[in-house]
Amino acid sequence: MSPASGSGFAICQHDLAYIARRLPFGVRNASSTLYNIPDSIEEASISLGVPPVRSFLKAVLPVMAPAIAAAAVLTWTTTVAELSASIIVYSGGRETMPIEIFKLIDSGLMGQASAYGVLLIAVILLPIIVATKVFKVDLFST
């Protein structure tokens with residue numbers, strides 16, 4: 001058996017595919033907030049004698065927390081519903097929910113596919129609800 005066919009490599013392959021496809025969206029979302037935070041906040045903290053890393057952790061990171069939460073939710077929702085990367089790195093016995101839904105629809109089992117679809121929606125909505133309550137993320141801000 002080659003090292004590439006081990007189960008650990010297959011799991012790693014799925015994770016790498018999802019990270020490569022979806023992480024840039026979350027990073028771009030969170031980094032845009034970082035660019036909008038005035039440098040004067042961190043500079044004021046440093047001028048008062050606080051080390052730069054601690055200034056970032058105490059002054060900038062709390063302002064970025066909602067954006068990081070929103071980026072995590074964005075990455076989660078798009079990753080869970082991902083079908084194209086799942087199909088590319090798919091191996092038997094490691095079906096994701098979108099692949100299972102696709103297989104059920106292809107087999108003509110619409111009722112079971114719909115049940116999986118409702119479950120997928122619940123899995124996607126749970127972190128969104130948590131983020132809106134815990135991190136006070138405003139989903140409909142203008």
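Fair warning: this is a prediction, and the values are worked out from it, not measured in the lab.
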- Distance col, row Ile121:CD1 vs Met97:CE, nearest 0.5 angstrom, shows 11.0 Å
- Message: Is there a path of hydrophobic side-chain contacts, each under 4.5 Å between heavy atoms, that joins Leu34 and Val53?
- Response: yes
- Measure the spacing between OG of Ser114 and CG of Leu109 and express it to the nearest 0.5 Å. 10.5 Å
- Query: Hey, does the side chain of Ser45 reach the backbone of Glu42 with a donor-acceptor pair shorter than 3.5 angstrom?
  - Reply: no
- Note on the structure: Closest heavy-atom pair, Ala113 versus Ile105, reported as atoms and distance to 0.1 Å, is CB-CG1, 3.6 Å
- Same apolar cluster: Val123 and Leu126, side chain cutoff 4.5 Å: no
- Query: Side chains of Ile68 and Leu61: closer than 4.5 Å at any heavy-atom pair?
  - Reply: yes
- Query: When rounded to the nearest 0.5 angstrom, what is the spacing between CD1 in Ile46 and CD1 in Ile41?
  - Reply: 12.0 Å
- Approximate separation, where rounding is to 0.5 Å, of Asp106 CG and Ile101 CD1: 13.5 Å
- Message: To the nearest 0.5 Å, what is the distance between CE on Met64 and OG on Ser32?
- Response: 8.5 Å
- Is the shortest heavy-atom distance from the side chain of Lys103 to the side chain of Glu100 under 4.5 Å? yes
- Query: What residues, two or more places apart in sequence or in another chain, satisfy side-chain contact (heavy atoms from CB on, under 4.5 Å) together with Arg54?
  - Reply: Val50, Pro51, Lys58
- Task: List in chain and number order the residues that pass side-chain contact (heavy atoms from CB on, under 4.5 Å) with Val130, two or more places apart in sequence or in another chain; answer none if no residue qualifies.
- Result: Val134
